[in-house]
Each structure stands twice: as structure tokens, then as C-alpha cells.
Amino acid sequence: MNDVSLETIVSLCKRRGFIYQGSDIYGGLAGTWDYGPLGVQLKRNISSLWWKTFVEDRDDMYGIDAAILMNQKVWQASGHVSGFSDPLFACENCKNRFRADHLVETWIEKHPSELEQTEHPDYNQSAETLNEYKNLFKMACPSCGQSALSDVRQFNMMFQTHVGAIQDETSVSYLRPETAQGMFVNFKNVVDSFYPDLPFGMAQIGKAFRNEIAPRDFIFRVRELEQMEIEVFIEPAGWREQFDTWLELQKQYLLALGLPESRIHQVEIGPEDRAHYSEYSVDTEFDFPFGQKELLGCAYRTDYDLTKHQAASGKHLEYRPKNGDAPFIPHVIEPTFGLDRLVLAVISSSYVEDEVNGEKRTYLKLPIHLAPVKVAVSPLLKNKPELVAKAREVYALLKKEFGAVMWDDNGNIGKRYRRQDEIGTPYCVVIDFDTLEGATIDTVTVRNRDTTEQERVKLSDLISRLR
RNA sequence: GCGGGUGUCGUAUAGCGGUUAUUAUCCCAGUUUUCCAAACUGGUGACGGGAGUUCGACUCUCCCCACCCGCACCA
């Protein structure tokens with residue numbers, strides 16, 4: 001388990017400019033968070049490593065960036081319009097809403113004799129049946145006790161909008177609840193352009209939207225999220241082997257982010273809990289400050305999506321093997337990554353408190369390739385123009401080389417170290433009088449975040465020392 | 001969505017039916033050869049939002065919003 005509290009992480013993120021409440025000055029908007037200057041850099045470093053690992057370094061992966069708004073037929077075909085919703089009764093009296101199927105099923109369990117005495121249709125989960133049961137047995141609101149329940153209403157998790165000037169059912173569209181469909185609808189395009197051998201994959205990083213009933217746990221469960229998803233198109237035979245390979249690749253990526261292996265748990269999802277498109281799923285869970293929760297998913301989507309889209313669109317979505325075998329619809333393995341959750345995992349697991357000279361010190365033990373600031377450069381004294389000028393030179397040199405370099409001349413040197421520690425800067429470079437003259441001319445102090453040790457480094461060796 | 005809790009400078013906090021709204025830290029401008037949050041001087045900055053009660057509300061009441069903890073939900 002992680003011993004740092006979520007509250008501590010939230011406070012640090014706000015104070016140091018990683019993550020702010022969305023729409024902050026208006027009191028916020030539930031389930032939305034804004035990334036500040038350091039947060040966006042950290043997030044970008046995480047997603048860049050992902051893109052490099054899974055797209056650039058492979059020769060069987062095709063990156064895309066599909067539109068968030070899609071033809072509503074996409075979501076009808078994918079099953080999200082009907083399947084991405086729960087049947088609810090709303091109480092006209094107290095305005096509470098309840099899962100209709102749960103309510104009816106619970107009632108049936110508790111009232112077997114009443115059920116026997118009255119003629120009733122066979123139970124199923126259709127809206128029609130749920131309404132009949134509710135009316136026939138005069139079911140009451142579990143909250144206020146009044147028999148004032150509405151007929152079934154669907155609460156869909158998708159945000160709905162209208163495209164164009166006319167707002168009717170033909171102009172309905174949705175903010176995508178997953179990026180995956182952008183890849184399925186482009187499957188034919190990519191095959192036509194590149195004609196890759198199976199197996200090959202499509203990859204995408206982008207926003208997705210879910211109208212969660214209860215956003216929770218900081219950036220863990222949110223209404224606007226960023227996904228990094230891969231659809232791997234395969235021949236169905238031997239799917240399990242490839243599935244396991246991808247599970248392992250997911251784990252390797254987490255280790256490359258510096259996440260401790262002891263906090264990573266891969267858990268098979270039971271049939272009851274799987275998504276409507278999935279025949280087999282394994283979640284990769286992580287020990288967050290609020291417990292072990294889902295970080296990544298991997299699902300065997302079979303040929304569900306392409307088959308649905310082929311039927312609905314009327315377009316051929318089969319893959320035609322180059323050896324002349326019969327065309328078929330490829331099956332799909334989907335490794336999916338929650339980018340915001342990865343940011344939270346990285347920050348919360350790299351949070352360290354220790355003691356330096358008897359005083360508490362807080363630092364983020366970020367891997368150097370993820371740190372939003374690689375190096376901070378300081379003149380020892382900010383009121384000595386010769387030190388400042390030399391420090392500016394060094395700063396310009398490092399900035400050109402590394403980019404993510406920060407100028408810091410605030411307060412005294414100890415304060416700067418502590419401040420850089422808290423945002424996870426691996427190295428601080430300090431220019432002092434010894435840099436300017438004597439036997440130590442053109443050397444600087446390099447201070448290490450994790451050990452707090454300092455060493456004297458020649459300017460000519462500085463870049464290679466920091467790389 | 002239900003139940004419980006919380007909401008005061010960026011952060012962490014004190015307080016009261018009438019205050020110049022406390023303290024620390026951060027931040028800003030200075031002084032100081034200042035290498036692990038040194039000291040000193042000066043400065044900016046807050047009662048989540050809206051109604052109501054009251055002569056007067058940060059304080060009491062109601063509604064809303066947000067966050068936290070349980071439950072439910074998580075295609």
C-alpha cells in the first residue's frame with residue numbers, strides 16, 4: 001500500500017502547478033481537472049514514452065488521431081447507444097433515481113407469495129417488463145415510500161450534442177466514450193493505404209468523455225479523460241498467446257515509467273463484470289493512495305466491433321490474406337491505458353519524505369525521463385551581477401540542450417533545492433565565485449535530488465554529466 | 001445518486017452576530033560572499049456562490065456548487 005494520503009498529493013499538485021480544479025474561479029465543475037505547466041509536461045513525457053514504445057519503435061503499429069465527434073451510426077453499431085446505459089426508475093415525489101432491474105429483482109426475491117397470487121408476465125430486463133412489474137405490484141420508492149415511480153428511463157453515460165444548426169434526432173452526436181471506435185472505423189482506410197500483414201495494430205492517444213454519476217478520487221474517475229489505446233488485429237487462432245504477450249508489454253511499460261512492481265497487480269475480470277464487447281479481460285491494477293484500483297485494461301474484443309460495423313455500414317471489413325485464403329474479419333486484442341491514471345500513479349508512487357539535517361524533506365523521485373524539469377540553474381547570489389551573468393550563460397547552454405530547464409534565483413540556495421525537490425527536478429546546477437576564478441574556474445556545483453550530494457563538474461563536461 | 005463530513009490569502013491555519021479577520025509559510029521588492037527551507041526591512045493576497053433572518057452575517061437558516069469518506073455505479 002501507499003502511505004501518502006490523497007489529500008497530500010492533491011495539495012502538492014495544486015501548490016506546485018501540476019493539476020488544478022477545472023473552472024476553478026467559478027467554483028469548479030465536478031469531474032474535470034486542468035493540468036498546469038508542470039502537470040502537462042509530466043503527462044506529455046508519459047504519453048511520449050508510450051508513443052515511442054508502442055508506435056515508433058515497432059514496425060507493425062499504425063498511429064491515428066480520429067475526430068472526437070463521430071457519425072451517430074458509429075455508436076448505434078458499437079452498442080454504446082443501447083448498451084452504455086442503465087434502466088432507471090425516477091421517483092416523481094423525491095426525485096431520486098434507482099436501477100430499475102435491481103429494484104424489481106430485489107422485490108421478486110422478497111415477495112415470492114405475492115408473486116404467486118397475481119398473474120404476471122415472465123421476468124426479463126426489458127424496459128417494458130420492468131414497467132409492467134412496477135405497475136402490477138405497485139412498487140414504491142425505496143427512498144420516500146411513495147408509489148410515484150416513473151416508467152423506465154435510460155441514463156446514458158455518453159454526452160450528447162447536436163451537429164449543425166438543426167437540433168433534431170438526425171443531428172445527434174456524442175462525445176466519444178472511448179477512442180477505440182476511431183480505429184475500427186478507420187480499419188479499412190489503413191488496410192487500403194498500407195496493406196499490412198496480420199497481426200498489426202492501430203494506436204491512438206486522445207480524449208474520451210463519460211458522464212459519470214459520481215466522479216471520485218481526484219483525477220482517477222473523471223468525466224473528461226485521456227486514453228492511450230491500441231487495437232491489435234489478429235487471426236483468431238492463438239489469440240490467447242498474443243493476449244498474454246500484450247499483457248506483459250503493458251507491464252513492461254509501467255516498469256519503464258518507474259512504477260514499483262510490488263504495486264502492480266494483473267487481475268482477470270469475471271464474465272459478469274466484462275464489457276459487452278469483451279470475451280476475456282484482464283485489468284492491471286495499481287496500489288493508489290485510496291486502494292488497489294484499475295490502471296490499465298486489456299480486452300479480447302473478438303470480431304465484435306468490425307462485424308457490427310460491417311453490418312451497419314454495408315462496407316466490407318474483411319481482411320484478405322495475401323496467400324489467397326478466404327477473407328475473414330480479424331479479431332481484436334485491445335490493450336488500453338488511462339493517461340490521467342498513469343499521471344496519478346507516477347506522482348503518488350514517487351512521493352517520498354525523508355530527513356535532511358534533521359528537517360523533513362519532500363521530494364518526487366521521478367525517473368529523469370519523466371521529470372517536468374530536468375535541471376534547475378541558479379546563481380549562488382542573485383545580487384552579484386557577475387554570478388548572474390555566468391549563470392545565465394550556463395542556463396542558455398543547458399536550455400538549448402535539454403529544453404526542460406528552469407531558472408531559479410529565488411531566496412537562498414537551500415530553499416531552491418527544496419523547491420526543486422518537491423517538483424522532482426533531478427539536478428540543480430549552481431554557479432558560484434569558484435566558477436569565475438582560481439583553480440576551479442569554469443566548474444559548477446551539480447546537486448543530486450535523491451542523495452542531496454554535490455559534486456564539482458567542469459563546464460565542458462556538464463552536458464554529458466547530466467544526460 | 002444516497003448517507004456523513006468539509007469549505008477563511010497560493011498552501012496550512014486562528015477567530016468572532018459588530019475585528020483594521022490571526023499566525024506561519026509561500027510569493028513580490030530590497031539588504032546580506034547566503035551551498036541544503038539563515039537573518040532583517042517593506043509589500044500583495046482570503047471568509048466557495050446565492051437568497052433569507054438581523055440595525056448589522058465569515059459567524060445563524062435555506063438552496064446551490066466543489067472536494068473528502070462510506071454505499072451504489074463504473075458500459
Side-chain angles (χ1 to χ4, degrees), chain A residues 5-8 10-17 20-33 36 75 78-86 88-91 94-99 102 141-144 154-158 177-178 210-218 220-223 225 269 273-278 283 289-291 293-294 297 299 355-363 378-384 386-387 409-422 428-434 436 444-449 451-456:
Chain A
S5 74
L6 183 61
E7 201 182 355
T8 303
V10 173
S11 176
L12 173 74
C13 283
K14 177 167 190 184
R15 183 158 32 87
R16 292 305 189 189
Y20 308 113
Q21 170 83 58
S23 309
D24 199 9
I25 63 170
Y26 288 104
L29 178 66
T32 64
W33 299 89
W75 304 109
S78 71
H80 285 82
V81 171
S82 57
F84 201 57
S85 62
D86 298 320
L88 299 176
F89 289 139
C91 176
C94 70
K95 306 301 177 196
N96 285 322
R97 293 185 297 189
F98 309 90
R99 275 289 290 268
H102 291 184
C141 169
S143 180
C144 69
Q154 300 289 334
F155 175 78
N156 197 290
M157 296 268 293
M158 288 193 291
E178 61 172 19
R210 299 174 184 189
N211 200 359
E212 295 282 354
I213 295 175
R216 269 298 161 83
D217 299 322
F218 195 31
F220 183 83
R221 176 168 293 114
V222 288
R223 294 199 166 116
L225 56 135
I269 303 303
D273 295 329
R274 285 201 292 262
H276 64 274
Y277 49 70
S278 175
D283 279 355
F290 40 85
K293 297 282 180 65
E294 179 187 357
E355 228 176 66
V356 173
N357 298 334
E359 292 215 49
K360 193 182 103 175
R361 177 177 79 121
T362 297
Y363 69 104
S378 293
L380 181 62
L381 306 176
K382 76 190 259 193
N383 61 349
K384 297 291 178 260
E386 62 274 29
L387 285 182
D409 62 2
N410 181 276
N412 64 47
I413 193 66
K415 277 189 181 178
R416 293 175 214 159
Y417 287 158
R418 296 303 173 85
R419 187 159 62 168
Q420 294 300 330
D421 284 342
E422 215 175 13
C428 291
V429 169
V430 179
I431 284 72
D432 60 16
F433 292 101
D434 291 341
L436 302 177
V444 296
T445 302
V446 175
R447 183 265 192 182
N448 182 296
R449 175 195 67 199
T451 63
T452 75
E453 281 167 8
Q454 307 183 70
E455 62 175 311
R456 205 75 204 173

Polar atom pairs (N or O), protein with nucleotides 9-12 of chain B, under 3.5 Å:
residue : atom : partner : partner atom : Å
B:U11   : OP1  : A:Lys14 : NZ           : 2.9
B:U11   : O3'  : A:Ser11 : OG           : 3.2

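Of the candidate nucleotides B:G1, B:C67, B:A38, B:C67 has the atom lying nearest to any side-chain atom of A:Trp33.
An OP1 or OP2 oxygen of B:C26 is reached within less than 4.0 angstrom by a side-chain nitrogen or oxygen of A:Lys415. In terms of phosphate contacts, A:Asn211 brings no side-chain nitrogen or oxygen within less than 4.0 Å of OP1 or OP2 of B:A75. The phosphate of B:C27 (OP1 or OP2) has a side-chain N or O of A:Arg419 nearer than 4.0 angstrom. Under 4.0 angstrom from either OP1 or OP2 of B:C27 there lies at least one side-chain N or O belonging to A:Asn410. OP1 or OP2 of B:U32 sits under 4.0 Å from a side-chain N or O of A:Asn383.
A:Glu294 comes within 4.0 angstrom of nothing in the nucleic acid, heavy atoms only. Within the nucleic acid shown, A:Arg361 has no heavy atom closer than 4.0 Å to any nucleic acid atom. A:Ala30 comes within contact range of the sugar-phosphate backbone alone, with a heavy-atom separation under 4.0 Å but no base atom that close.
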| note | Read 5' to 3' with Watson-Crick or G-U pairs under 3.5 Å, [ ] for crossing pairs and | for partners on another strand, RNA chain B gives (((((((..(((.....[....))).(((((.......)))))....(((((..]....))))))))))))....

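Residue side chain A:Tyr26 does not reach the base of B:C65 through any donor-acceptor N/O pair under 3.5 Å, judged by distance alone.
B:U13 sits 13 Å from B:A21 when the C1' atoms are compared, rounded to a whole Å. Rounded to a whole angstrom, the distance from the P atom of B:U53 to that of B:U41 is 49 Å.
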